[in-house]
S.K.: 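One structure, as structure tokens, below. Some questions next.
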Amino acid sequence: MRTMRGAAIPAPRLHKMPGMLFSAPPKELQGTDHSLLDDKTQKRRPKTFGMDVKAYLRSMIPHLESGMKPSRSKDMLSAHEVLQWSQSLEKLLANRAGQDIFGSFLKSEFSEENIEFWLACEDYKRTESDLLHGKAEKIYKSFVHSDAAKQVNIDFHTRESTAKKIKAPTPTCFDEAQKIIYTLMEKDSYPRFLKSNIYLNLLNDLQANSLK
């Protein structure tokens, strides 16, 4: 943990989220700094998300920072909508704010490469055929290659199979790897997310606001 010298320690802040979590191309494909993941052996310590819902959403949802007043941030989500996220990972990832908030949780666990890869695959499936080759190469080098900066946890067979598929890329060439990462998130990270402060505090704040 870093300490500030000669100055008061600032209030906790959430780190900026990767821009791709709102359907933009993944930042890691544009040369994002991966310093957070350089040392995977560093001690993982829980983070406190003690922010009120308006401050949280204002910091988490990029488009709120341009053109929307902070006082309206609470209107972006409803308690009912957030409660639905607990029904399945599919429903959570189908919601853009859900992607962003779950991504923040994964970042606190140093595993944000999982959702970034999953979202990159979703974006890849919508890519025009003449652009598939270039995008497939970038996704492979960023997430699948054995030396990838944000290498995802897939088995050797799937890694090799994916490497062969991108030589003649189709919209489905990452499907096998994407399914593995989805299952990993579903069985590992998602249950912890539903018990985390980042989810429970958001849900409680929205429920409290709905009663006002």
S.K.: I would like to know whether Asp175 and Thr172 meet side-chain hydrogen bond (donor to acceptor under 3.5 Å, both in side chains); could you show each step before the answer?
M.R.: CA-CA 5 Å; Asp175 281 7; Thr172 62; 4.7 Å; no
S.K.: Compare every heavy atom of Lys141 with every heavy atom of Ala148, then report the nearest pair and how far apart it is.
M.R.: CB-O, 3.3 Å
S.K.: Specify the closest pair of heavy atoms between Leu200 and Leu194, including all atoms of both residues, with the distance to one decimal.
M.R.: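 Minimum heavy-atom contact is CD2-O, 3.6 Å.
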S.K.: What's the separation between atom CD in Gln84 and atom NE2 in His80, rounded to the nearest 0.5 Å?
M.R.: 3.5 Å
S.K.: When you measure from the side chain of Ser142 to the backbone of Lys138, do you find a donor-acceptor pair of N or O atoms at a distance under 3.5 Å?
M.R.: yes
S.K.: Tell me the closest heavy-atom pair linking Ala136 and Phe174, and the distance in Å.
M.R.: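 Reported closest heavy-atom pair: O-CZ, 3.4 Å.
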S.K.: Look up atom CH2 in Trp118 and atom CD in Gln178, then write down how far apart they are to the nearest 0.5 Å.
M.R.: 6.5 Å
S.K.: Can you tell me how far apart CD1 (Ile115) and CZ (Phe105) are? Round to the nearest 0.5 Å.
M.R.: 11.5 Å
S.K.: What distance separates Cys121 SG from Glu116 CD, expressed to the nearest 0.5 Å?
M.R.: 12.0 Å
S.K.: Show me the donor-acceptor pairs, under 3.5 Å and distance only, between side chains in residues 181-190 and residues at least two apart or in other chains.
M.R.:
unit_1: Tyr182; atom_1: OH; unit_2: Glu90; atom_2: N; d: 3.2
unit_1: Thr183; atom_1: OG1; unit_2: Lys179; atom_2: O; d: 3.0
unit_1: Asp188; atom_1: OD1; unit_2: Arg192; atom_2: NH1; d: 2.7
unit_1: Asp188; atom_1: OD2; unit_2: Arg192; atom_2: NH2; d: 3.4
unit_1: Tyr190; atom_1: OH; unit_2: Trp85; atom_2: O; d: 2.6
unit_1: Tyr190; atom_1: OH; unit_2: Ser86; atom_2: O; d: 3.2
unit_1: Tyr190; atom_1: OH; unit_2: Ser88; atom_2: N; d: 3.1
unit_1: Tyr190; atom_1: OH; unit_2: Ser88; atom_2: O; d: 3.3

S.K.: Just how far is it from atom OG of Ser108 to atom CD1 of Ile198, taken to the nearest 0.5 Å?
M.R.: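 That separation rounds to 6.5 Å.
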S.K.: Holding to salt bridge (charged side-chain N to carboxylate O under 4.0 Å, His left out), I want the full list of residues that pass it with Glu137, two or more places apart in sequence or in another chain.
M.R.: none
S.K.: What do you reckon, is CD of Gln87 surrounded by more than 12 foreign heavy atoms closer than 6.0 Å?
M.R.: yes
S.K.: So which atom in Arg159 and which in Val152 form the shortest heavy-atom distance, rounded to 0.1 Å?
M.R.: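 Here Arg159 and Val152 meet closest at NH2-O, 3.3 Å.
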S.K.: Identify the two heavy atoms, one from Leu206 and one from Leu77, that lie closest to each other, and give their separation to 0.1 Å.
M.R.: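 Shortest heavy-atom contact: CD2-O, 3.6 Å.
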S.K.: Please list, chain by chain and in numerical order, all residues satisfying ring pair (Phe, Tyr, Trp, His ring centres under 6.0 Å) with His133, sequence neighbours excluded.
M.R.: none
S.K.: Ignoring hydrogens and geometry, is there a side-chain-to-backbone donor-acceptor pair from Gln151 to Phe143 under 3.5 Å?
M.R.: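 Flag not set: sc Gln151 to bb Phe143 has no pair under 3.5 Å.
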S.K.: Quick check: closest heavy atoms across Ile139 and Ala120, and the distance to 0.1 Å?
M.R.: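 The answer is CD1-O, 3.7 Å.
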S.K.: Would you say Thr127's side chain and Asp123's backbone share a donor-acceptor pair under 3.5 angstrom?
M.R.: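 Looks like yes, one N/O pair under 3.5 Å.
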S.K.: Working to the nearest 0.5 angstrom, can you tell me the gap between Glu81 CD and Leu203 CG?
M.R.: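 Between Glu81 CD and Leu203 CG, I get 11.5 Å after rounding to 0.5 Å.
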S.K.: Over 60° means perpendicular and under 30° means parallel, so classify the ring planes of Phe193 and Tyr199, tilted if in between.
M.R.: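 Answer is tilted, since the angle falls between 30° and 60°.
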S.K.: Considering residues, nucleotides and ligands other than Asn204, do more than 12 of their heavy atoms fall under 6.0 Å from its CG?
M.R.: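 More than 12 heavy atoms, drawn from other residues, nucleotides or ligands, come within 6.0 Å of this atom.
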S.K.: Yes or no on side chain to side chain contact (heavy atoms under 4.5 Å, CB included) for Leu132 and Tyr124, after CA distance, side-chain angles and deciding distance?
M.R.: CA-CA 7 Å; Leu132 284 176; Tyr124 174 79; 3.5 Å; yes
